[in-house]
Structure formats: C-alpha cells, structure tokens
Asker: 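Once you've had a glance at the structure underneath, I'll fire off some questions.
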Amino acid sequence: MELFTFFFVHGLLLLLSRRAACACGPSDRELIALAFRSVSGFQLPPPPPAADGPGCFLRLPSRNLSGTVSWMYLRNVSALQALDLSGNALHGSVPGGFWSAPALLEVNLAANHLGGALRFEIPAGGRLLPLRSLNLSGNRFTSAAGLAALSRLEILDLSHNSLGLVPLGLDKLRMLRHLDMSYNSMRGVFSEGFPPFGARLDFLNVSYNNFTGVVQSEVVKKFGKSAFLKAGSLRFGSPAHVARSSSPTTLASSHKKDTKLKRRRRVIRLGVIAGVASVVVLAAFCCVLCIVLKKRKRWKDEGKWEEKEAVAVAAPPQEVRWVVEAKWSAPVVLFEKPLMEPTFGDLVKATSGFGKESQLAEGGRSGPAYRAVLAGDMHVVVRVVEAFREAEDRDAVASFHELARLRHPNLLPLLGYCIPGKEKLALYEYMDRGDLHRWLHELPAGQPNVEDWASDTWDQHGGEDRREAAKSAMAEVGDWPTRHRIALGVARALAFLHQGWVGTTRGVIHGHLVPANVLLGNDLEPRVADFGGAAAGNAGTADGDVHDFGVLVMELMTGMEGWTEEAVSWTRGLVRAGRAAEAVDPRLRVAGPEEEKEVVECLRVGYLCTAPSPDKRPTMQQVVGLLKDIRSSSSSSPGGAAATTSSAISST
C-alpha cells in the first residue's frame, strides 16, 4: 500500500506539471530569462495568480525548445525547487555547479539532446544536495560521477543514454526507491557499485546493458525477470546453483522466432544501405576526379600529382576543393627560421589534407584552425584567415609582416604565413593548454569527481597519472590567483596593442576579444590571439576593446558563459547594489575575507570597463594599474584598490 501511494502521488504530480508554469519572484524570473536567452521558442510563462509558497518552480515540458541553456543562471535561482524541461530539443552539457542549487528537489530533463559527462559536487562547507527526484532519460550522457552528493535521492532515471560504466557513487544512495538504468551500454559485474537491494528499493531495471556476474534469486524474485532482459551475460540463482540458473537467452526464449526474423530484415536493410552508400561515394569520387583531371597537366608540372590525387580521393569535394586548387609549391615564410623552406604541400601533409582530425576550431570570424607538426618537431597552428580572403596578396603580405613585429609576453606571436591561392594562411605557436573558454567551461565539467573514484576504477581509466591530472585541472580552475593572473595578462596585452610598439607610434585595435581568442601556456600565462583583424581593415575602437575586456573579466569571475548585453546589465546591477559577491563563481577557492574582496574588486573593474558611455571607460593602461593594485593592496595598502573602484563606480 505504501508503494502504491508513493507512485500514485508522484504520478499525479507529474500529470499536473505537464502544463507550462513558472511560480517565481521577479528577481528569479529575471535570472530565468537570462538562462534561456539562447533557447529558441522560449517564452517565460506568466506567474500564477497566487503563489503556492516561498519556493520557485519552472515547468516547460514539450514546448519545442531548442538551443543551449545557461545553467549557471538557473543555479543562482536560490529558491528553485522544481525544474521540468522534458520533451524538448535542448543540447549541450550540464555543468556540475548547476546541481548545487540550494533548494532544488525535482529535475526532469528527459527526452532532450543533452550529453557529455555528468558530475555532481558537494558544495563548499559539505552541504549535501537536497535533490529527491532526477529524470535524465532519453539523452546522450556518457558518464556520471559524484552521486554520493545526492544522498537524499529517491527517484533516479538514467535510461536510454550512452553510459559505459555504473555511475560513481551510486552505491551511496540509500534512500532510492526507483532506479532505471536500462538501454545503456554499461559493463562490469552486476551489483558492484549498486545501492542495497533492500526494503527501500521498489523498482529496478538494468535491461539492455552488458553486465556480467550472478543475479541472486531473491533479487530476481523482487524485481522480476523483466528487469534483466538482455542485460548482458548474467547468470541467475545463488552462487551454489549457477550451473542450473537461467540465462538472458532463456529469458528471451519466447522471442526467438522474432529475433531471427528481425535479423534477416536487418541484413536486407544493411545490404540496401550499403548499395546506396556505394553509389553516393562513387558519384562524389567522379566529381572530384573531374576537377583533378582538368588540372592534371599543371599539377604534373609542379611535381605534385600523386599527393593531390590522394587528397582528392580521401575527402569529399566540399572539404578539399580549395586545397586541391591551391598552389602546392607556394612557400611557407617563417620569420624566425628562414633556412627552413616548407611549402603548402608540407602543410597539407601535416594536417592530413586539412581534415577534421587535425581541426582545432571550425571558423567563425577568425577562420578554421588546424594543428600541424613540421620538420624539426615544430608544432604550429595553421589558421585560414577569413579577414584576408578578399585582400590582394601584396596587402596581405604587408599585414603579416606588420603583425609579426608585435612581440609581447602576453601576445601569441605570428610565426609565419603562406599564400597558396585565394586563401591566406597564418602560422602561430601551438599552445598545449588550449583556449580560455575551454579551460574555464569545458575541462572541469568533463572531469569526474576524483574523490569518488576507487583506485581500481582509476587503473581502468589511465592509472594514477590521470587521477593526478584530473585533480590538477580542477584545482587550476578554482584557483583565484590563477584567474587574476589571466585577467592581468590579457589587460597587459591589450594595453601594449593600444600603445603601439617600438619604432612606431601606431596602435592596434584587437576588435574581437573573447575567451576563445585567449590561449594558455603550460604555465597558464595568457597569450592573446587573433589580433590581425584590425590590420585587415576590420572596424574597431580602443573603447570597444575595453568593453570586451570588461565582459571577459565578468566571465572569469562568475564562471558563466554565453554573455549578452542583458547578462552584462544584470551583473552591473549587482555590482552597483553592492551585491557583487552573489555573482562569484562557486568553484572559486579563496583564502579568507581578503581574497573574497579581491574577487569583488575584479568584478568592479569589469563594471568600469562596460560603462554604457565610452568616455566613462578607463584606458587599458589604467586597467592594468587597477588589477595590479587589487592583488598588491592586501599586503601593502589595504583598501586602496577598493577605494579607487568605488569612487569610479559612483561616478558612472
């Protein structure tokens, strides 16, 4: 009776929640609007006539929503208790910080296109997460870790995903009543890592996985054989009677005829698909071959026939057309290694024909970028410069030489260039740590909660070295001095560009400062890239660079991504009201009140840089001074930086 009552009440609540609703206060509704600013089809439902209580709930099931949610805005809705976004087309990953929303009790994200790694974290101070019901079925999640933080969870549905292992920390969930992990690709020994199959767990389904081991007879009796259909190479019964136990084949014996019929149909379908695919590939090959034959004579004269033929055949026409039509003998000019004489053909080889496997960035304003290793173990990034595409060759050469003169510790140096045709290529130093956006948003979310991983699991995934690397990556992102150093380094680079360089009085406008254009060295010292747009004639102003820097500082301090003017306005409002601490990234680790003040002071600098009136914004040289004072004021003249920014804020 207790089980019936539990699921009846839960089902009734789900039924009542299918209509769109948002019962939240005005400030919370503002945060929700920011969270869905990149989601197509989103309309914030009107508030109900009367509030149900002090909590906040948002239910938008099956509303044709598509796009990416800015989850950290939702995490800051401190009263959010229930969230239902099921049956939509949302994509992207869910950062671990979202789950630390202090009042969150029920989350339903089923039937979307969400994916990546799931990570649940115990917030600072050791507070356990209050979540009671979690439905993530019908998505594309590949792993889950840190479930020990969800010790109050009663309902968990992870079915129809791409999980390869039992979620880490699942065995710590002693309150579970309902557990569905069917239709994944989980492997391992059944029952290892599972919660107790005692009185509380009323429903279990692990069908359609790849488990091995023995399922005890009492477990089969409690949950039924349907809970283990095609769950792998499982054996049923007590260990002493394994030889007489049934197998997955026995469980599905009634479906043998259907299985054979389905197998025949599958073979026929595969045959048809293979035939159609062969025709498509042959047609694509013929198209490329026509292009190649027309230019065969010129290619033979240049001695590159065999190489170009290989590239043309290996990739589809739309990806290789510009490569095939380029002049493969075009020289690659290297400013600091003039004795090296690579050609465009060498770049083609080093990038696998400028193929997807070598691609680091897909393009956008800056153009696609590829990794290459040249002779002498020279690691470079080859970027197809979109801004120079329509430029005359001599103008592009002049711009490349002008940019090569820019040398600063916080600028990514231009190593060389190549002009094999209409496309102009720039060569930069390769940075192992990637860009700031990836470091700040993607790497931490992809790391497991290392404290929940047992040593034998780590052995399966790369051993102690990987464990230490994961810990190091997570520690770096949360380190406050590191984030301050990055902000200061970027500010120094812009100040250098704006003031010019030795031997000339002309300054350079960056024009497109975003985290993806800030590369990180092994020492995590930032190096600003893609500052060639202004040299190519793209519009931009120094005031615009200052504004972009202010937005970047806000992103560094808050940990939020996808910034818009609405998000900037919201952050400025918190700073103006003296509530900047509410926007600080919860992952940041600060050592006492002094460092907390330093983070807030950096947000104040972002406030100054994003002033609506350009003449109210500081110069980048002044910004460098403010940022330097923030870290030095704690030991030399406490309150100095705060007094400066406070007085400036009052005037803006």
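Predicted model, so just to flag it, every value in this text is computed and none were measured.
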Asker: Indicate yes or no for a side-chain donor-acceptor contact from Arg617 to the backbone of Val546 under 3.5 Å, with no hydrogens or angles considered.
Answerer: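 Not confirmed, Arg617 side chain does not pair with Val546 backbone.
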
Asker: Which value, rounded to the nearest 0.5 Å, describes the distance between His441 atom NE2 and Ser93 atom OG?
Answerer: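 So the gap between those two atoms works out to 10.5 Å.
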
Asker: Give a yes or no on whether the ring-centroid distance for Phe400 and Phe388 is below 6.0 angstrom.
Answerer: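 Yes, close enough.
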
Asker: Run the side-chain contact (heavy atoms from CB on, under 4.5 Å) check on Thr142 and Leu163 step by step: do they pass?
Answerer: CA-CA 4 Å; Thr142 56; Leu163 301 177; 5.7 Å; no

Asker: List for me each residue that meets salt bridge (Lys or Arg N to Asp or Glu O under 4.0 Å) alongside Glu565, sequence neighbours excluded, and say none if there are none.
Answerer: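 Partners of Glu565 under the salt bridge (Lys or Arg N to Asp or Glu O under 4.0 Å) test: none.
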
Asker: Answer yes or no: is there a side-chain heavy-atom contact under 4.5 Å between Leu427 and Leu414?
Answerer: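 Not touching, per the 4.5 Å side-chain cut-off.
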
Asker: How about Thr343 and Val332: do any of their side-chain heavy atoms sit closer than 4.5 Å?
Answerer: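 The answer is no; the side chains never approach within 4.5 Å.
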
Asker: Determine whether Trp439 and Leu524 satisfy the following criterion, side-chain contact (heavy atoms from CB on, under 4.5 Å), listing intermediate values before the conclusion.
Answerer: CA-CA 10 Å; Trp439 178 81; Leu524 290 179; 3.8 Å; yes

Asker: Does Ile509 offer a backbone N or O that forms a donor-acceptor pair with the side chain of Asp545 under 3.5 Å?
Answerer: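 No, because the side chain of Asp545 does not come within donor-acceptor range (under 3.5 Å) of the backbone of Ile509.
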
Asker: Could you tell me if Thr541 and Asp543 have a donor-acceptor pair between their side chains, going purely by distance under 3.5 Å?
Answerer: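 Side chains of Asp543 and Thr541: no pair found under 3.5 Å.
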
Asker: Keeping the roles fixed (side chain from Asp435, backbone from His437), state whether a donor-acceptor pair exists under 3.5 Å.
Answerer: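 Such a contact is found between Asp435 side chain and His437 backbone.
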
Asker: Under 3.5 Å, which donor-acceptor pairs link side chains of residues 371-381 to any protein atom two or more places apart or in another chain?
Answerer:
| residue | atom | partner | partner atom | Å |
| --- | --- | --- | --- | --- |
| Arg371 | NH1 | Tyr430 | OH | 3.2 |
| Arg371 | NH2 | His379 | ND1 | 3.1 |
| Asp377 | OD1 | His379 | NE2 | 3.0 |

Asker: How many angstroms lie between atom CZ of Arg485 and atom CG of Asp479, to the nearest 0.5 angstrom?
Answerer: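 It is 7.5 Å, given to the nearest 0.5 Å.
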
Asker: Would you call the rings of His401 and Tyr417 parallel, tilted or perpendicular, taking 30° and 60° as the class edges?
Answerer: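 His401 vs Tyr417 ring planes: perpendicular.
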
Asker: Within the structure provided, determine whether Arg407 and Leu411 are in side-chain contact (heavy-atom separation under 4.5 Å).
Answerer: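 No; the side chains remain at least 4.5 Å from each other.
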
Asker: Is the closest side-chain donor-acceptor distance between Gln621 and Thr619 under 3.5 Å?
Answerer: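 Looking only at side-chain atoms, Thr619 and Gln621 do not form any donor-acceptor pair under 3.5 Å.
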
Asker: Between Asp585 and Arg483 (salt bridge meaning N to carboxylate O under 4.0 Å), is one present in this structure?
Answerer: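 A salt bridge links Asp585 with Arg483.
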
Asker: Please verify the inter-ring angle class for Phe344 with Phe354; under 30° counts as parallel, over 60° as perpendicular, anything in between as tilted.
Answerer: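 The rings of Phe344 and Phe354 lie parallel, inter-plane angle below 30°.
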
Asker: Under the salt bridge (Lys or Arg N to Asp or Glu O under 4.0 Å) rule, what pairs show up with a residue in residues 387-400, not counting sequence neighbours?
Answerer: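 Qualifying pairs, neighbours excluded: Glu386-Arg389, Arg389-Glu423, Glu390-Lys422, Asp393-Lys424.
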
Asker: Could you tell me the separation between the CG atom of Leu118 and the CZ atom of Phe98, rounded to the nearest 0.5 Å?
Answerer: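 Separation between the atoms: 11.5 Å.
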
